[in-house]
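I have placed the structure first, in the form of structure tokens, so that the comments after it can refer back to it.
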Amino acid sequence: MPHYKLAFLGFGNVGKALAKLFLEKRRDLQVRYNLTFTVTGIATGRHGMVIATDGIDLERALEADDLSKLSDEPIAMDTSDFIRKCKADVLFENTPVNYQDGQPAIRHIEIALENGMHVITANKGPVVHAYRSLKTQAEKMGRKFYFESTVMDGAPVFALFRSALPAAQLLSFRGVLNSTTNMILTRMEARESFEQAVAYCQRIGIAETDPSGDVDGWDAAVKVAALVTVLMDVPLKPQEVERIGIRDITQEQMELARREGKRWKLVCSARRVGGDVQAQVFPELVGIDSAMYRVEGTSSIIQLKTDVLGMLTLVEDDPGPHTTAYGLLADFVNAVTA
Ligand SMILES: NC(=O)c1ccc[n+]([C@@H]2O[C@H](COP(=O)([O-])OP(=O)(O)OC[C@H]3O[C@@H](n4cnc5c(N)ncnc54)[C@H](OP(=O)(O)O)[C@@H]3O)[C@@H](O)[C@H]2O)c1
């Protein structure tokens, strides 16, 4: 029975949700895939790190304020040291995203691959800033670099093209990919001001104190860049995505849309034009004839147009760290059973 040693780099919302899901799915993994696992390392920024070659008690780790207290084994000096010393087969990289250059996550992933690990991440930075080099490095090492949860959380967008749609060519896509702006627009339809809707999103923990990454369309542009880079094989930086956020949508425009039976959505799109790709994030009015019309609150949608199937639509209802964790777990099973 194959046994895998796992390491978690980043143990925040996503890392902890993943640990809980591994505990829940332990039996399923064993019965359905003949897979067993132990977690040999967990590292954070300010909450310590632990390495235990005979396995960490995940229940205790989920409760711990300082992970360093969970083991008597010597603690690695820094994150790079941790990756080298944790002796894992699979590294889950779930540290915060750096939109500017993808670091230090790119370096984390390079070190893990150098040390013969599969790497699985929900972090968009390495995908938009280093996809080709990381993929090449993984292939050279005979390992996998998977990142399903970077776009639409657990919904299988990348895996769809990797395995379920062989030889299909993605011609274009359209979708609503940023949960926070969709929630803000949904709240504004219920006559809240933009500021009230942003404050609501901050209260429920889906918007940052500085919400500009979402409301100015940057997060959406990063997701578009990731999809174009990976699925259309055209390297694209978020800065190259034409982008307008939702800041300037007024209550008057909301009212007008309501009277016309339409809704504002922050629409992400890309399409092939000759050998190039045109990519955009723009607020758009959509009518009842659009599948995007019914996507409310934090839910998301993508419509994928391929050369073989016409239009294929995926809708993800009410995502959160639990669905992000599922994308990571699915990547793990796919990586080690491929
Ligand atoms: N939340 C979601 O639903 C979601 C959805 C899709 C993708 N993602 C992506 O998933 C990743 C994790 O998100 P999250 O919500 O879990 O973030 P989070 O709650 O802020 O957790 C981040 C974790 O990374 C640790 N960390 C920070 N810098 C580190 C470093 N240099 N070395 C080692 N550990 C470090 C933090 O440690 P301390 O706690 O000690 O500071 C914390 O444990 C992000 O890239 C995010 O964009 C999240």
(request) May I ask you to check whether over 12 heavy atoms, not counting those of K25, lie within 6.0 Å of atom NZ? (result) no

(request) Tell me, yes or no, whether the heavy-atom count around D307 atom CG, taken from other residues, nucleotides or ligands under 6.0 Å, exceeds 12. (result) yes

(request) Could you check if a side-chain atom of L9 sits within less than 4.5 angstrom of a side-chain atom of T79, using non-hydrogen atoms only? (result) yes

(message) Under the rule for side chain to side chain contact (heavy atoms under 4.5 Å, CB included), what residues qualify as partners of E260, not counting sequence neighbours?
(response) L256, K262, L285

(message) Under the ring pair (Phe, Tyr, Trp, His ring centres under 6.0 Å) definition, can you give me all pairs with a residue in residues 319-338, not counting sequence neighbours?
(response) Y4-F332, F22-F332

(request) Run through V336, T337, L35 and flag the one making a side-chain contact (heavy atoms from CB on, under 4.5 Å) with P2. (result) L35

(message) Any side-chain to backbone donor/acceptor pair from R243 onto V281? Under 3.5 Å, distance only.
(response) no

(message) For Q196, give me all partners under side chain to side chain contact (heavy atoms under 4.5 Å, CB included), at least two apart in sequence or on another chain.
(response) E192, S193

(request) Quick one: name the residues clustered hydrophobically with F282, using the 4.5 Å side-chain heavy-atom rule over I, L, V, M, F, W, Y, and just say none if it's on its own. (result) I244

(request) Among Ile, Leu, Val, Met, Phe, Trp and Tyr joined by side-chain contacts under 4.5 Å, find the other residues sharing a cluster with V97 and list them by chain and number. (result) Y99, V128, V222

(message) Counting only heavy atoms not in Q239 (residues, nucleotides, ligands), do more than 12 fall under 6.0 Å from its CD?
(response) yes

Using atom types as modelled, flag every donor-acceptor pair under 3.5 Å from a side chain in residues 48-61 to any protein atom, sequence neighbours excluded.
unit_1, atom_1, unit_2, atom_2, d
T53, OG1, E73, OE2, 3.1
D57, OD1, E59, N, 3.0
D57, OD1, R60, N, 3.3

(message) Any heavy-atom pair between the side chains of V157 and E148 that's under 4.5 Å?
(response) yes

(request) List, by chain and then residue number, the residues other than M311 in its hydrophobic cluster (Ile/Leu/Val/Met/Phe/Trp/Tyr, side-chain heavy atoms under 4.5 Å); write none if there are no others. (result) none

(request) If a pair satisfies ring pair (Phe, Tyr, Trp, His ring centres under 6.0 Å) and one of its residues is in residues 148-178, list it, with sequence neighbours excluded. (result) F147-F158

(message) If you count every heavy atom of other residues, nucleotides or ligands that lies below 6.0 Å from Q278 atom CD, does the total exceed 12?
(response) yes

(request) Taking the side chain as every heavy atom from C-beta outward, state whether H47 and F11 have any pair of such atoms under 4.5 Å apart. (result) no

(message) Could you walk me through whether K20 and E24 satisfy the salt bridge (Lys or Arg N to Asp or Glu O under 4.0 Å) test, starting with their C-alpha distance in whole Å, then the side-chain angles of each, then the deciding distance to 0.1 Å, before giving a yes or no?
(response) CA-CA 6 Å; K20 287 179 196 157; E24 266 172 57; over 6 Å; no

(request) Quick one: which residue pairs count as a ring pair (Phe, Tyr, Trp, His ring centres under 6.0 Å) with a foot in residues 175-226, not counting sequence neighbours? (result) none

(message) Give me the atom names and distance for the closest heavy-atom approach of M117 to C86.
(response) CE-SG, 4.0 Å

(request) Report the residues that fulfil side chain to side chain contact (heavy atoms under 4.5 Å, CB included) with V31, sequence neighbours left out, ordered by chain and then residue number. (result) R27

(request) Would you mind reporting whether R26 and F37 have side-chain heavy atoms less than 4.5 Å apart? (result) yes

(request) Would you mind reporting whether L177 and M152 have side-chain heavy atoms less than 4.5 Å apart? (result) yes

(request) Quick one: which residue pairs count as a salt bridge (charged side-chain N to carboxylate O under 4.0 Å, His left out) with a foot in residues 89-111, not counting sequence neighbours? (result) R107-E110, R107-E114

(request) Hey, could you give me each pair passing salt bridge (charged side-chain N to carboxylate O under 4.0 Å, His left out) that has a residue in residues 123-134? Not counting sequence neighbours. (result) K124-D219, R132-D233

